[in-house]
Amino acid sequence: MTEPLAPQYNPSAIESALYAWWEERGLFSPDVAASAPGKRRPYVIMMPPPNVTAALHMGHGLNNTVQDVLIRFERMRGRAALWLPGTDHAGIATQNVVERALAAEGLTRFDLGREAFVERVWSYVQETGVAILTQLRAIGCSADWSRTYFTLDEGLSRAVRESFVRLYDEGLVYRGHYIINWCPRCLTALSNEEAEKEEVDGHLWHLRYPLADGSGHITVATTRPETMLGDTAVAVHPDDERYRDWIGRQLRLPVVDRLIPIVADEAVDPAFGSGAVKVTPAHDPADFEIGQRHDLPSIDVMTPDARISLAAPERFQGLDRFEARRAVVAEFEAAGLLERIEPHRHAVGHCYRCHTIVEPRLSDQWFVRMAPLAKPALEAYRDGTLTFIPERRGDDYAAWLEGIRDWCISRQLWWGHRIPVWYCLTEGCGLTSVSRNDLATCPACGGEVRQDDDVLDTWFSSWLVPFSSLGWPDQTADLARFYPGHTLVSAPEIIFFWVSRMLMAGLHFMGEVPYTNIYLHGTVRDTLHRKMSKSLGNGIDPLEVVDKYGADALRYSLIAGMAVGTDVILDPGDLEASFAPGRNFANKLWNAGRFILSNLNGPTRPLAGDQTDVVRREELSLADRWIIARCDATVREATEAYERFRLNEAAAVVYRFIWSDLADWYIEQIKPRLYGDQPGGDVARAVAIQTFDVGLRLLHPVMPFVTEALWRWFPGRPADASVSVAPWPGPDARATDADALREFGLVQELVGTVRAIRAEYGIQPGHAVRAVVGNGSAADALRREQATIARLAKVSSLQFGETAERVGGHGVLSDGTPVFVPLGDAIDVARECQRLGAEVNRLDQLVTSQERKLANEQFVSRAPADVVEREREKLSSWREQRGVLARKREMLGCQ
RNA sequence: GGGCGAAUAGCUCAGCUGGUUCAGAGCGCCUGCCUUACACGCAGGAAGUCGGGGGUUCGAAUCCCUCUUCGCCCACCA
């Protein structure tokens, strides 16, 4: 205890030093040997790897705080706890960042060429890549940094290739020519999940397509008129009476002047629009399928950056898709073929990285066949292997798996894992080789080969992380010990990108789910319930909070503000409102610790592992027994709350114990024993230390820094002791003490009653009053705690029994004990009558409704006996209190 | 268009298996206190028809139905 104990806790003075000390000691690196087979399975959490270029935001703050609370809890419970961190190369996101930097220099990636560009990304990533991991340390994350991975590391890249080759060999990876989601800005294909559907207000254009023979026209409705440049048919439903005779006839496609047929297809909904659909196989997934069924040509009228291609009439070529839309509509209008335009709200896909409207595009891509992978993953949910917290998220998971479509995994990017496929360039051979190793020549003909230009979807490496980060495909010791893990902590929007895919990959490659608990927390939002985001400018920088209020305050606010599965609302305009409670609590702890530690200079008892071992039971005062019982109850409640992922409740329970019980009552109660030579000082010191110690340990997962600082300063700690690996407090049957809880509760009530009377009549704080306490069930206890009552309620003399005086403040305890504070002329009798009258009325209402309840035959006969008994006790208690106050009113001569 | 969630004090939210936490916490507000751990504190206080309506039950903030208002997810009616 050599550190200066300033009265105000200063987090920045200790946090980084404590963190460095933890890390140096390797407290977060579980030993593989120490958790050898036969011992309890280790507890493993895979950290959702942040993007390598990311800067810490509140979403990371919440996600990682939750994980840290869980991992610290399990570590203290004595399990080998591994929290495995890493970073994600984040293909599109990272490439975009670097391309933006290039753009500032007036360059594009094409100016550099592939090799130079990738090098440039690497150097960028090496510069910034560790920033977020450093930031996670600043908020106290106890991850095992010695095992940090990067998804483009050699090891993980090997895993990516291995999995690709295996899936290919199993027929689960294939190359196909389909409509995919295409981002015209990022110039790459996207998976369905990466194309975010968003409702937008658009229009429905009703266009007339004339029959080739000039005998009339058919009207089609479309939300994207520009695609008509690539129309190759119009489809109607085969049973649609209106068009029965039209099927098979030819239309003259306006604008492009091409003949296209009318075909019949079941996919058409006769009830929508005109019941006739223009068919653009190259630009719409549904149309593509219609095209296949009817053997229609596909005309791709757009370039990769969504301009009109050479396949369209010259006057449209080069136009942006939205310019082309206007131009097409204008031509229809000019030709009198625009029937009408109506407003139409519909869902449009947007690139999840740059928010550009996605263009459905026909191209050759690599896919993973998902149905066979989804089946066991669905089974694992249905048979109860998986637990979702909150439960309802399991339904989202199951629904997605049931409707799963094949996964487009190729990306036309340069940053990522190059697809391990080589094409032979030799004419007549043309072999496609899928290989774990780089190929220089064709294995069949020895000719020149060319590797596929594309890279894999970022998530194709992340879905392997639960085992690839442990060394797979090698059978490493880490893999044997730490797979499978237990809990995955993520946000609901990541379920489809990552959570379910890891489950599928784990089952497929490892034969076991990578985790069984899936904890899905909410989103961090502002007070208008908008998601915090850079673009909205409503974010809060976690590091600024750490700076101003400390990491513990940040963590406390995030945890305390979050019930299972609900969002966390923070006010970017008022950091004080959001984070002061945590800061204040840390300061409270600091000062409670300071007080206890600075009062150890008297006799004390040795610390022991268990609170009731410290002293003999008969030496304990009522207050000692009470705080010990409260402490034990807190241990039970907090432990259960942590186990059930009710982290906010765990925080609240410990907060109440430390602040309301320990600081407000127990510490106040023992002060005389500590200051003077009054007996029991040694016992009080021992109990205070012991219960505070328990409180610190219970709180450590949520507020690691301040608890560690205080815990280490306790006398007698070995220099290398850390609360982060201190044993988790266990319940103690001997601490249970209902009498102490009830009796000290009455002491608290009495003090509160006298204080309220003092405040009501404006008695100066320095002025002592007398108090008269009548006979009640706890008379003995109150008598024994006279000194406590006198001190805390500023009572000069506490009398027991009757008194002839009647003018003063009156009250009653819940057991019916009358309380009287003689105040003579200091009070106005009428006011006191009114005060008591209100109280009698309140009790009267309670009594009346309670009497009705107990008079109800149905209640008495149907409610459980113990409930009826409790209700009877309540009634008699209220009657008793009402009687006491009514008599007091009589004595005062109230009307 | 389908599915899910939320609505409790001025604000942010707890309230789990219907009844001893049952109407709570923190912030804010009002009153009084720099009482020798803490003014980031202490003590006392005001403040709510538990969104509306209906139902089940001896008993509902809690379970069911319905309406209203917000939010989220999914969706190839062009």
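In what follows, every heavy atom counts, from backbone to side chain, and hydrogens, waters and symmetry copies are set aside. So that the names make sense, note that chain A is the first sequence line, chain B the second, and so on, each numbered from 1.
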Quiz item: So what does A/Arg224 touch, heavy atoms closer than 4.0 Å: a base, only the sugar-phosphate, or nothing?
Solution: nothing

Exercise. Have a look at A/Glu199 and say if it touches a base, only the backbone sugar-phosphate, or nothing, with a 4.0 Å heavy-atom cut-off.
Key: base

Quiz item: Checking only heavy atoms, does the side chain of A/Glu649 share a donor-acceptor pair with the base of B/A25 at less than 3.5 Å?
Solution: no

Self-check item: Base of B/C38 paired with side chain of A/Arg594 (donor-acceptor, under 3.5 Å)
Solution: no

Quiz item: So A/Tyr675 and A/Phe595, would you call those rings parallel, tilted or perpendicular, with 30° and 60° as cut-offs?
Solution: perpendicular

Quiz item: side chain to side chain donor-acceptor pair (under 3.5 Å) with A/Arg870: which residues, sequence neighbours excluded?
Solution: none

Quiz item: Side-chain N or O of A/Ser877 less than 4.0 angstrom from OP1 or OP2 on B/U20?
Solution: no

Quiz item: Just the dot-bracket of RNA chain B, please: which string comes out with Watson-Crick or G-U pairs under 3.5 Å, [ ] for crossing, | for another strand?
Solution: (((((((..((((.....[....)))).(((((.......))))).....(((((..]....))))))))))))....

Quiz item: Among residues 753-763 of chain A, which residues get a heavy atom nearer than 4.0 Å to RNA chain B?
Solution: A/Arg755, A/Ala756, A/Ala759

Looking at residues at least two apart in the chain, or sitting in another chain, which of them share a ring-ring contact (aromatic ring centres under 6.0 Å, His included) with [X]?
X	answer
A/Trp205	A/His203
A/Phe705	A/Trp22
A/Tyr761	none

